[in-house]
Amino acid sequence: MYKIAIDLGYGYVKGLNEENERIVFPSIVGAAHDLTLKDLFGTKFKNRMDNLWVHIKAGNLDSDFFVGNLAGDSISKSSAFDSNKIWHPNTIVLLGTAAALLSPEGRDILIVTGLPMEHFKMQRKEFSNFLKLYKAKVSFPGNENLAREISFAGSAVFPQAAGAMYEAMLNYPRLQQSNGARIAIIDIGFKTTDFITVRIGTPLETMEQFSGTIDAGMFYLHHPFAARFLQETGCQADPFRIGDYISDGGRFFFDGKDYDFSDTLQAARKELVNVIRDGLITSWKDSYREFRAIFLAGGGAFELKDELKRAFPILQAIGDPQFANCKGFLYYAGLLEQRIKSTRL
């Protein structure tokens, strides 16, 4: 089977296959429309991730969509922010798009993906069933070589931070020799922050009382930015543009005027760090002082690392934090493939 790992984040979809090809695009879906004028001034897409015009046929869904960055050109665009987004049309589109980009034609696909820790406890069976039933015909208008029929011959659902934990253990093998030591991963995503703590042993023991989900992520920065935008411009900010403004340090041009909201972002980051820190300490109490290592993963890792390190001095960002879950998922896919083969012998 051909192994792929997909992290269907609220902010970005990340994907990795067994050949170490990777994809990343915003978790935005919009209705497709004609792009005749796109090349009027010689505009070229930087890469195929900027040009995800996708046709999805899955059950009652049979439409063209703009996905990711291209969805910014769509008149109607949306992100799925539901706590349970398993059967949301956007999930069907994003999953099909990512799987088609990562998978060769005609191969049985083994997928490992994840859910936020608290959602995992309640939705694991439902998401597993969704993956088993998933069937979609995916094509990319103008690039028919990428057309795929997507279904999954094998699948597994993991808590998101647990994928990053696998990656941490692979990157720091000496930790595996510290029998009884406790290791924690903090995974800062777009909407939530997951954390998982394990005790080293054979096998690893998940410490549930020190693991969970904090309902705060990088999206936390959007609220104060949007409020100030309204106050100073008199207009509602386009929610799909706020991320770009934040990426540019809070500086932007609007209605003939330059604005600088960098101080608002700085204050919001400090408040987000406080929320995450307080949530962790509520769970960990003083036990974290005995942890052997605390790793930081997720899209918000680099942006919040320095502030969180003041609260947890041993904290360090895992290598390639945005793809830490995908790398761990892919490693688990290898273990799962071996297990499936052994049961067939």
Asks: Asp64: which residues meet the side-chain contact (heavy atoms from CB on, under 4.5 Å) condition with it, sequence neighbours left out?
Replies: Ala32, Trp53, His55, Pro141
Asks: Does CD in Glu205 sit with more than 12 non-hydrogen atoms of other residues, nucleotides or ligands closer than 6.0 Å?
Replies: yes
Asks: Taking it one step at a time, do Phe158 and Tyr166 satisfy ring-ring contact (aromatic ring centres under 6.0 Å, His included)?
Replies: CA-CA 11 Å; Phe158 243 54; Tyr166 262 125; 5.7 Å; yes
Asks: If the condition is salt bridge (charged side-chain N to carboxylate O under 4.0 Å, His left out), which residues does Asp263 pass it with, not counting sequence neighbours?
Replies: Arg228
Asks: Of all the heavy-atom pairs spanning Tyr2 and Leu102, show the shortest one and how long it is.
Replies: CE2-O, 3.4 Å
Asks: What is the ring orientation for Trp284 with Tyr288, classed by angle as parallel under 30°, tilted 30 to 60°, or perpendicular over 60°?
Replies: tilted
Asks: Aromatic rings His223 and Phe219: how do their planes relate, parallel, tilted or perpendicular, breaks at 30° and 60°?
Replies: perpendicular
Asks: For Leu336 versus Leu110, what's the shortest heavy-atom pair and its separation?
Replies: CD2-CD1, 3.6 Å
Asks: Should the heavy atoms of other residues, nucleotides or ligands under 6.0 Å from CZ of Phe302 be counted, would the total exceed 12?
Replies: no
Asks: Could you tell me which residues satisfy ring pair (Phe, Tyr, Trp, His ring centres under 6.0 Å) with Phe240, sequence neighbours excluded, listed by chain and number?
Replies: none
Asks: In terms of side-chain geometry, is the basic nitrogen of Lys309 or Asp306 positioned less than 4.0 Å from the acidic oxygen of its partner?
Replies: no
Asks: Above 12 or not: heavy atoms from other molecules or residues under 6.0 Å from CD of Glu208?
Replies: no
Asks: Among residues at least two apart in sequence or on other chains, which ones pass salt bridge (charged side-chain N to carboxylate O under 4.0 Å, His left out) with Glu290?
Replies: Arg182
Asks: Check for me, please, whether Leu95 and Val67 land in the same ILVMFWY cluster - side-chain distances under 4.5 Å, paths through other members count.
Replies: yes
Asks: Quick one: salt bridge (charged side-chain N to carboxylate O under 4.0 Å, His left out) partners of Lys57, sequence neighbours excluded?
Replies: Asp62
Asks: Suppose we screen for salt bridge (charged side-chain N to carboxylate O under 4.0 Å, His left out). Which residues come up paired with Lys270, at least two apart in sequence or across chains?
Replies: none
Asks: Between Glu337 and Lys3, does at least one N-O distance fall below 4.0 Å, as a salt bridge requires?
Replies: yes
